[in-house]
Number of protein chains: 2
Amino acid sequence: MPRRRGDTREQIREVALELFAEQGYEKTSLREIAERLGVTKAALYYHFKTKEDIVTSLFEDFKADIDELRSWAREQPVTPELRREVVRRYAEILRGAGKLIQFMQENGPAVREMKAGGDARERFRAFAEILVDKDASLPDQIRARLSLFSLNLAFVLRQEIDADDEAVHAAALEVALDLLPSD
Amino acid sequence: MPRRRGDTREQIREVALELFAEQGYEKTSLREIAERLGVTKAALYYHFKTKEDIVTSLFEDFKADIDELRSWAREQPVTPELRREVVRRYAEILRGAGKLIQFMQENGPAVREMKAGGDARERFRAFAEILVDKDASLPDQIRARLSLFSLNLAFVLRQEIDADDEAVHAAALEVALDLLPSD
DNA sequence: GTCTATAGGATGATAGAC
DNA sequence: GTCTATCATCCTATAGAC
């Protein structure tokens, strides 16, 4: 059965993300990705210039979503309600990006060294500055970071807590909103 | 200048932890560790049977501290004050283990596959069950996990927030205590 | 677009001399 | 305890045929 035209690139992305999230970036070889797809390594190199290029491609949609949210937020006056809305929208973006978040979360050293990873971390950092005043107390600074983190963490906790994804997600969002400065 | 007797094993541990935390487990080769110490790879293999064995050794003190805290906690009646005290003592244990925590945190896939790593994660999981009732609400479940996590996270945030380590640590502890169920 | 074949190198680990 | 030398295996990446 032949692969449908234009499908291969997308299939590489899917399999790569799956493996990167599951067993890590370094431990996942291009040979393994190719084998799962029933092609050779050389075929991968036709679609992506390097291994890192696959990661870059994986981050693209996520980066675009985050940038859109950030530029929207920049146009609004900073109020407690804006902050809550930013967290809600951020949570919505994360929903579709579970494996990417897990990959980012659990492959710090590898991600840090890649351009796309550094960009994503920088975006994450920039969000914290929307959620809390620069001169807020240290505990509030930490709470704001933890708020974003609680959403990321939901993906890890789902495996540990016995409850369905929808419920965990809703609960994580509730916790995240509680962690914002009350002003 | 000759190395002092019995020092080499300890020096290997120090350099390895430094590199594992900084650039990741997989990206750190035994050659690199040996080079930093001015010895050869073969010398490393005299002190440790495998690369994973170095990690096992790194986790040993931490595991002992955690086990002691857990068995102490088991003998106490579960009250809100016990929970707060457990978090305080956990925070104290983490203080001396910054790089190990960072390594654990940022090398999920590698750590997960190693016996010592799995043990450490299991201990972490077990702590959550002391901090919150099994039948507590889902948000409270998440908050309890996030409480422990906030302490871990302090080590990462120190680099990002402009404040001295002592202050960040104290603030992280305050946030952690706030996240416990109020009962 | 996908293949075979291979370059060029690093890696974890071991054997055996000193 | 530390060394030299080596093994077997894996890796990313490329050249060139089909």
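- Remark: C1' of D:dT2 and CZ of B:F48 are 15 Å apart, rounded to the nearest angstrom.
- Computed from coordinates, the A:E26 CD to D:dC10 C1' distance equals 14 Å when rounded to whole Å.
- Phosphate proximity of D:dT2 to B:Y46: absent, as no side-chain N or O sits under 4.0 Å from OP1 or OP2.
- Using modelled atom types, no side-chain atom of A:R143 and backbone atom of A:L179 make a donor-acceptor pair closer than 3.5 Å.
- In terms of the side-chain hydrogen bond (donor to acceptor under 3.5 Å, both in side chains) criterion, residue partners of B:E129 (sequence neighbours excluded) are, by chain and number, B:R125.
- Rounded to a whole Å, the CD atom of A:E32 is 15 Å from the C1' atom of D:dT12.
- Residue B:S29 is classed as a sugar-phosphate contact, given heavy-atom separations below 4.0 Å to backbone atoms only.
- In this entry the distance linking CD of B:E35 with C1' of C:dA10 reads 12 Å, nearest Å.
- Atom CG in B:D7 sits about 11 Å away from atom P in D:dG1, given to the nearest Å.
- Residues forming a salt bridge (charged side-chain N to carboxylate O under 4.0 Å, His left out) with B:D65 (at least two apart in sequence, or on another chain): none.
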Treating primed atoms plus P, OP1 and OP2 as sugar-phosphate and everything else as base, which nucleotides of nucleotides 13-18 of chain C get B, S or - for protein heavy atoms under 4.0 Å? BBB---
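- Residues passing the salt bridge (charged side-chain N to carboxylate O under 4.0 Å, His left out) test with A:K51, sequence neighbours excluded: none.
- Whole-Å rounding puts the A:K27 NZ to C:dT11 P distance at 15 Å.
- To the nearest angstrom, C1' of C:dT2 lies 11 Å from CD1 of A:I12.
- Residue A:R31 has no polar side-chain atom (N or O) positioned under 4.0 Å from OP1 or OP2 of D:dC10.
- Under 4.0 angstrom from either OP1 or OP2 of C:dG1 there lies no side-chain N or O belonging to A:T8.
- One finds no side-chain N or O of B:T40 lying less than 4.0 angstrom from the OP1 or OP2 phosphate oxygen of D:dT2.
- Side-chain contact check for A:E113 and B:Q23: no donor-acceptor pair (N or O, by modelled atom type) lies under 3.5 Å.
- Taking the salt bridge (charged side-chain N to carboxylate O under 4.0 Å, His left out) definition, one finds that B:R13 meets it with B:E10, sequence neighbours left out.
- Taking every heavy atom of residues 108-117 of chain A and every atom of DNA chain D, no pair lies under 4.0 Å.
- B:V132 and B:V87 are not part of a single hydrophobic cluster, where members link through side-chain heavy atoms under 4.5 Å apart.
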Determine whether A:R158 and A:E166 satisfy the following criterion, salt bridge (Lys or Arg N to Asp or Glu O under 4.0 Å), listing intermediate values before the conclusion. CA-CA 10 Å; A:R158 288 194 310 201; A:E166 206 62 37; over 6 Å; no
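- Looking at B:N107, its side chain does come within 3.5 Å of a backbone N or O of B:F103 through a donor-acceptor pair.
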